[in-house]
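Atom set for the values below is all heavy atoms of this structure, side chains included, hydrogens, waters and symmetry mates excluded. Just so it is clear: chains get the letters A, B, ... in the order the sequence lines come, proteins before strands, and each one is counted from 1.
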2 protein chains.
Amino acid sequence: MTNSTRFAVAIHILATIAECRPAPVTSDRIAASVNTNPAVVRRILSQLGSAGLTTAQMGKGGGAQLARRPKKITLLDIYLAVEEPGLISLHRSLPDQNCPIGRNIQAAINTSTKEAEKAFLTTLGATTLKKLLKELHANQSP
Amino acid sequence: MTNSTRFAVAIHILATIAECRPAPVTSDRIAASVNTNPAVVRRILSQLGSAGLTTAQMGKGGGAQLARRPKKITLLDIYLAVEEPGLISLHRSLPDQNCPIGRNIQAAINTSTKEAEKAFLTTLGATTLKKLLKELHANQSP
DNA sequence: AATAGTGTTACTTATTCAGTAACATATGCT
DNA sequence: AGCATATGTTACTGAATAAGTAACACTATT
């Protein structure tokens, strides 16, 4: 499990790019909206690019664009692009391997929580960026 | 979202207590199996006690016991006892409130991911400690 | 009284992630 | 060609959080 804010920032980045379509958006402009450093945005954009969600144009007049329509991008796509897998962190140090419980507990935890993780991911996969953009406009404060 | 190992350790603690029933188990013995400091175990036991999952006997011959049968303890009970709520971390600094996206993105993220979080918790609630103990014995390495 | 436990606090250490600066590289414009 | 403006990436710093640790007041049993 990870404690990063990358998923939230990645969504913010993609929402910004989507709203500016079809013009490419620079990391500087995105960073201003996110309220962070442009390099942080570029780092995440790099991950989104590797995952095939965005494209980038270098040089003057360049910036980031969506690689496909918001309808075709799910929150699961975004999540997997920027977060480490595994919602649940196991022990920091290995349990006592001489103890029957210590030797087997981690496997049992993995097995027993697998379904819950799967449910989380599956549900994320059922929501698209398009839907989120709609949400963004729906309850918009003036 | 949290990155702690407390959920895994809490499960380990409860599994150990369950296996030793009906005798109370000391934090020292549990700590040996978990491979950590007894105070860490007591800290988590304190949370499990507040949640009504365990009881404790102070003094000589004391230790921790389950407050109810493993069949009546779900992984959700354990999770809620020791973890902060919220699977998804939002931005570290508040987005630009002068930007329409920045102003509304966090609410949109919360709304859009609520279902996935719910699915995770609901599924955790469907698995009991008893089931996990069974798993622990099933695939037990010798 | 002595012993063996919990409960809790305060502090230290480890880890992880975001913030930052710097720079090589790519592109478009004049 | 040369300049301006982008990305991509690296290496480092700083902040936040959680686990590890020591200490000790308190409680129960013998």
Side-chain angles (χ1 to χ4, degrees), chain A residues 1-10 12-13 16-17 20 23-32 34-51 53-65 67 82-95, chain B residues 1-10 12-13 17 20 23-32 34-51 53-65 67 82-86 88-95:
Chain A
M1 170 182 204
T2 172
N3 194 23
S4 86
T5 64
R6 286 194 300 273
F7 183 45
V9 174
H12 191 152
I13 290 172
T16 304
I17 299 174
C20 295
V25 192
T26 67
S27 61
D28 272 59
R29 280 190 55 200
I30 300 172
V34 173
N35 189 18
T36 186
N37 192 293
V40 172
V41 173
R42 290 202 292 272
R43 191 150 53 197
I44 293 175
L45 268 172
S46 173
Q47 296 182 282
L48 295 172
S50 297
L53 303 182
T54 58
T55 60
Q57 281 297 316
M58 291 184 105
K60 195 170 180 181
Q65 288 170 300
V82 300
E83 295 283 4
E84 296 296 323
L87 277 182
I88 287 156
S89 300
L90 296 180
H91 309 57
R92 198 133 104 175
S93 334
L94 199 64
Chain B
M1 171 182 204
T2 173
N3 194 23
S4 85
T5 64
R6 286 194 299 273
F7 183 45
V9 175
H12 192 152
I13 290 171
I17 299 174
C20 295
V25 191
T26 68
S27 60
D28 272 58
R29 278 190 55 200
I30 300 173
V34 173
N35 188 19
T36 186
N37 192 293
V40 172
V41 172
R42 290 201 292 273
R43 192 149 52 196
I44 293 175
L45 268 172
S46 172
Q47 297 182 281
L48 295 172
S50 297
L53 302 182
T54 57
T55 59
Q57 282 298 314
M58 292 184 104
K60 193 171 180 180
Q65 288 169 300
V82 300
E83 293 283 2
E84 297 296 324
I88 287 157
S89 300
L90 296 180
H91 309 57
R92 198 133 104 174
S93 332
L94 198 64

Mark yes or no for a side-chain to base donor-acceptor pair under 3.5 Å between B/Arg29 and C/dG5, with no hydrogen or angle criteria applied.
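Between C/dG5 and B/Arg29, which were checked side chain against base, a qualifying N/O pair under 3.5 Å is absent.
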Specify the separation, in whole Å, of atom [atom1] of [X] and atom [atom2] of [N].
X	N	atom1	atom2	result
B/Asn37	C/dT6	CG	C1'	14 Å
B/Asn3	C/dC17	CG	P	6 Å
B/His91	D/dA15	NE2	C1'	18 Å
A/Leu90	D/dA18	CG	C1'	16 Å
A/Phe7	C/dC17	CZ	P	16 Å
B/Arg43	D/dA22	CZ	P	13 Å
B/Gln47	C/dG7	CD	P	12 Å
A/Asp28	D/dA6	CG	P	7 Å

Checking [X] side chain against [Y] main chain: does a donor-acceptor pair fall under 3.5 Å?
X	Y	value
B/Thr26	B/Arg29	yes
B/Ser46	B/Arg42	no
A/Thr54	A/Gly49	yes

Residues two or more places apart in sequence or in another chain: which of them pass side-chain contact (heavy atoms from CB on, under 4.5 Å) with B/Ala64?
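B/Ala64 satisfies side-chain contact (heavy atoms from CB on, under 4.5 Å) with B/Ile17, B/Leu45 only.
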N/O contacts under 3.5 Å, protein versus nucleotides 22-26 of chain C?
none

Does [X] make a side-chain N or O approach to OP1 or OP2 of [N] shorter than 4.0 Å?
X	N	result
A/Thr36	C/dG19	yes
B/Ser93	C/dG19	yes
A/Arg6	C/dA18	yes
A/Ser27	D/dT7	yes
B/Ser46	C/dT8	yes
A/Thr5	C/dA18	yes

Minimum-distance pair of heavy atoms, taken over all atoms of A/Ile88 and B/Phe7
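Of all heavy-atom pairs spanning A/Ile88 and B/Phe7, the closest is CD1-CE2, 3.8 Å.
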Roughly how far apart are A/Leu48 CG and A/Thr55 OG1, rounded to 0.5 Å?
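It comes to 11.5 Å.
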